[in-house]
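Okay, so here's the structure we're looking at.
Bear in mind the structure is a predicted one, so any value in this text is a computation, not a measurement.
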Amino acid sequence: MYPSHLYTIGKMSNKKCRFSCLIITLVAIIAFVNEASAQAEVEPWGNITGIRHKGQLFEFESSIKVQRGDNFVSTAKERQRPHYKRNGDEQIVTTSIDSLFIKEVVEDQSAGKIKVTVTLNAHTDYKFDAIYFCMQLPNTDYSDGKQRLKGVSDTSKNYLPAGQNYDGTATGAQFKSSTRHLMIGFDEPETVRIRKDISNTGDPQLYVTMQLNGLNKGDTLQKTFTIKACGKIDRTTINLAVNTSLQGRPFEGLGGNFRLQNAKFDPEVIDYCLQNLRVAFTRVEMPWRFWQPVQNVDPTAAANAGKLHPAVKNAMQMAHRLDSLGIPFILSAWFPPNWAIVGKLNFRPVNGVWGNPLNKDSLNATYKSIADYILYLKSKYGAEPKYFSFNESDLGINVRISPQEHDDFIKGCGAYFASHGVSTKMLLGDNSDATTYHFIDIAMNDPEARPYIGAISFHSWRGFESATLQHWADAATKLNVPLLVGEGSIDAAAYSYPDIFQEQTYALKEINLYTRLLAICQPLSILQWQLTSDYSPLIGGGIFGNNEPLHPGQRFWNLKQLASTPKGLFAMTITADRPNISAAALGDNSRSVYAFHLVNTGAKRKIVLTGLPDGVKELRVFTTTKTRNMEEGSPIGVKDGKAKFKIDATSYTSLMSQ
């Protein structure tokens, strides 16, 4: 795990030099009117990705763009250092682009309506061509559409083809397709640009000019607008078909990372998680730089002499605790000692480059140092790791090695382990993201490395596309070794805006990814980052400054529901005939035990599940939503291999055979 950016945020000025008001209204064709509150989907960097209505997400993506010549800088994931918080019905984001400070307040209102207030403040004289409030509409919804502009004589009454560009001043605009109707209205004429050809995806884009030709230091500009989205709710029945004839790789269950970083808050979270979750696989840190800070000083002798560093002792005690519970663990090293690397240890990126390469002249001493740690851990604490890795060495968090060096290290350290009585195998990859899968290619195709590779690992922070995830599944199939998601979650920067952890949006995206990982990658385990106070799945207890009593939130209940999967099941194929549903199937035909995990990212609807074995007559059902905590419903009957039931909107539902 690693931080993703190093920017700073300043305070907003109260001085106002300009004020204007912009009103935007999104309207979709609906079968009936519903006055339920809107649910704005707001990313913690400020982009609004749609509005939910009865669980249905009406998608678009807003952003704030600054233009200088042909260059555009936008609010986007990991491009700034934003802060996020919720205040009742308001979601508040503060961020900056250069010296332009931005505050965005998104307020949920009624009948699919939200109010958005954007305040811009220049902390220095800030030169630019234009600042835009932008909306990108999904081409899948508007590809067959048409558009018109209000207040423009040639288009105010007649629709134009949706692909036609437009620049000019208007009092409003409309986009209409067979499934969506978007209406935009302004209190006063605004400079508007409509573009489709500048998007890589062909999505229609609307640019509303907020300011031209720069701002002076201290200038403040505020725009307020509303967005209303409602429409026909897709409640079409989803047909799921499971094939239990083939059993894939085993799934041992939910895992977790236990890297100790906060002596004050970690213990209570760890205790709660271990007492309330079935944890099947774990990962702990080897505090390598504290284990052997000096190359020519024997770390084992120093430890035996009572000089074991507290960080090492705590990490070893953590490993012992997990091992005593019968939970296998990975041992991963983050920060190396200075003698083992080239240059001075980098705790932050230098010129955009993370980490340090290993010192090739010290490789034998490196192998010995790691082996000595494992042997001491086994001798004094009775615990031996299943696998060893350098954390995210593809990126350099904090050892940085090339694919060839990764291959060489696996062979060199693996051979040293084998010749010195260490049964720990090497972990192939343990990559920072799914996207960097080529990092493992050399070692994967090296027959000399194969005897030392015990499993493959990647972290799920980026690279959610099915084709990307499939590369990891294929690698595990090729080597016939387990695949682990060594760090599981969706946003590496979320520690800097921790209020997002309490949002339904985050919880749903996280468990949706885990369900897809189960279906596509067939991992042995998904190891949550973390089951400590860092990225805590619990709320309160003083963590992140929240002094509520420590209690589980939606993310924890999602994890508990996943962790309740029976032991010893194997991946099975399951398919869906509609979008907005992710499904994973697990089972053991020899015991007639099956589990199905479903994430519905849309409206409440009916599900028909077919292909169930004859021995399955009833399914227990558990549901977690924003308001339901792994709540068990009435059992679902199975007849002729078929089960029919309803699934809640924006929910995580698990079915377990009786």
Backbone N/O of [Y] and side chain of [X]: donor-acceptor pair under 3.5 Å:
{"X": "Glu384", "Y": "Ser423", "value": "yes"}
{"X": "Lys411", "Y": "Glu448", "value": "no"}
{"X": "Ser362", "Y": "Ala365", "value": "no"}
{"X": "Asp588", "Y": "Phe570", "value": "no"}
{"X": "His320", "Y": "Gly382", "value": "no"}
{"X": "Arg555", "Y": "Ser536", "value": "yes"}
{"X": "His420", "Y": "Val422", "value": "no"}
{"X": "Asn346", "Y": "Gly355", "value": "yes"}
{"X": "Tyr514", "Y": "Gly488", "value": "yes"}
{"X": "Trp291", "Y": "Ser369", "value": "yes"}

Exercise for the section: For a side-chain contact (heavy atoms from CB on, under 4.5 Å) with Ser582, tell me which candidate from Ile520, Leu518, Thr515 qualifies. Expected result: Thr515
Between [X] and [Y], is there a side-chain N and carboxylate O pair less than 4.0 Å apart?
{"X": "Asp474", "Y": "Lys478", "value": "no"}
{"X": "Asp408", "Y": "Lys360", "value": "no"}
{"X": "Lys386", "Y": "Asp323", "value": "no"}
{"X": "Glu503", "Y": "Lys509", "value": "no"}
{"X": "Asp534", "Y": "Arg259", "value": "no"}

Would you say the rings of [Y] and [X] are close, in the sense that their centroids are separated by under 6.0 Å?
{"X": "Phe347", "Y": "Phe335", "answer": "yes"}
{"X": "Tyr495", "Y": "Phe544", "answer": "no"}
{"X": "Phe390", "Y": "Phe388", "answer": "yes"}

Problem - Pair Val312-Tyr373, side chain to side chain contact (heavy atoms under 4.5 Å, CB included): steps then yes or no - result: CA-CA 10 Å; Val312 177; Tyr373 185 99; 3.7 Å; yes
Is [Y] close to [X] at the side-chain level, that is, under 4.5 Å between some pair of heavy atoms?
{"X": "Gln502", "Y": "Arg86", "answer": "no"}
{"X": "Leu427", "Y": "Ile330", "answer": "yes"}
{"X": "Asn629", "Y": "Pro552", "answer": "no"}
{"X": "Ile97", "Y": "Arg79", "answer": "no"}
{"X": "Pro385", "Y": "Leu377", "answer": "yes"}
{"X": "Ile490", "Y": "Phe464", "answer": "yes"}
{"X": "Met656", "Y": "Pro566", "answer": "yes"}
{"X": "Thr75", "Y": "Val93", "answer": "no"}

Distance in Å, [X] [atom1] paired with [Y] [atom2], rounded so as to fall on 0.5 Å steps:
{"X": "Ser533", "Y": "Leu538", "atom1": "OG", "atom2": "CG", "value": "10.0 Å"}
{"X": "Arg283", "Y": "Leu531", "atom1": "CZ", "atom2": "CG", "value": "12.5 Å"}
{"X": "Gln522", "Y": "Leu469", "atom1": "CD", "atom2": "CG", "value": "12.5 Å"}
{"X": "Lys567", "Y": "Glu252", "atom1": "NZ", "atom2": "CD", "value": "9.0 Å"}
{"X": "Ile397", "Y": "Asn431", "atom1": "CD1", "atom2": "CG", "value": "12.5 Å"}
{"X": "Asp98", "Y": "His123", "atom1": "CG", "atom2": "NE2", "value": "13.0 Å"}

What closest approach, in Å, do [X] and [Y] show between heavy atoms, and which atom pair accounts for it?
{"X": "Ile453", "Y": "Ala443", "result": "CD1-O, 4.1 Å"}
{"X": "Pro299", "Y": "Asp372", "result": "CG-OD2, 4.4 Å"}
{"X": "Arg400", "Y": "Trp354", "result": "NH1-O, 2.8 Å"}
{"X": "Thr282", "Y": "Ile327", "result": "CG2-CG2, 3.4 Å"}
{"X": "Ser496", "Y": "Ala493", "result": "OG-O, 2.7 Å"}
{"X": "Gly253", "Y": "Arg278", "result": "CA-NH2, 3.8 Å"}

Hydrogens and angles aside, do [X] and [Y] bring a side-chain donor and acceptor to less than 3.5 Å of each other?
{"X": "Glu285", "Y": "Trp334", "answer": "no"}
{"X": "Asn257", "Y": "Tyr535", "answer": "no"}
{"X": "Ser63", "Y": "Asn47", "answer": "no"}
{"X": "Tyr506", "Y": "Ser489", "answer": "yes"}
{"X": "Ser99", "Y": "Thr124", "answer": "yes"}
{"X": "Thr477", "Y": "Arg249", "answer": "yes"}
{"X": "Gln317", "Y": "Tyr381", "answer": "no"}

Practice task
In sequence, state the C-alpha distance, the side-chain angles, and the governing distance for Phe417 and Tyr367, and then conclude on ring pair (Phe, Tyr, Trp, His ring centres under 6.0 Å).
Solution key: CA-CA 8 Å; Phe417 282 4; Tyr367 303 153; 8.3 Å; no
Practice task
Start with the C-alpha distance between Tyr652 and Gln554, add both sets of side-chain angles, then the distance that settles side chain to side chain contact (heavy atoms under 4.5 Å, CB included), and finish with yes or no.
Solution key: CA-CA 10 Å; Tyr652 170 40; Gln554 184 177 354; over 6 Å; no
Practice task
Would you please test Met318 and Ile270 for side chain to side chain contact (heavy atoms under 4.5 Å, CB included) and show each step?
Solution key: CA-CA 10 Å; Met318 188 73 250; Ile270 291 170; 4.0 Å; yes
Practice task
Start with the C-alpha distance between Trp45 and Gln80, add both sets of side-chain angles, then the distance that settles side-chain hydrogen bond (donor to acceptor under 3.5 Å, both in side chains), and finish with yes or no.
Solution key: CA-CA 7 Å; Trp45 45 90; Gln80 294 86 35; over 6 Å; no
Handout entry: side chain to side chain contact (heavy atoms under 4.5 Å, CB included) assessment of Thr565 paired with His597
Key = CA-CA 9 Å; Thr565 304; His597 296 285; 2.8 Å; yes
Handout entry: Of Phe439, Phe458, Tyr437, the residue whose pairing with His471 passes ring-ring contact (aromatic ring centres under 6.0 Å, His included)
Key =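 For His471, the ring-ring contact (aromatic ring centres under 6.0 Å, His included) check succeeds only for Tyr437.
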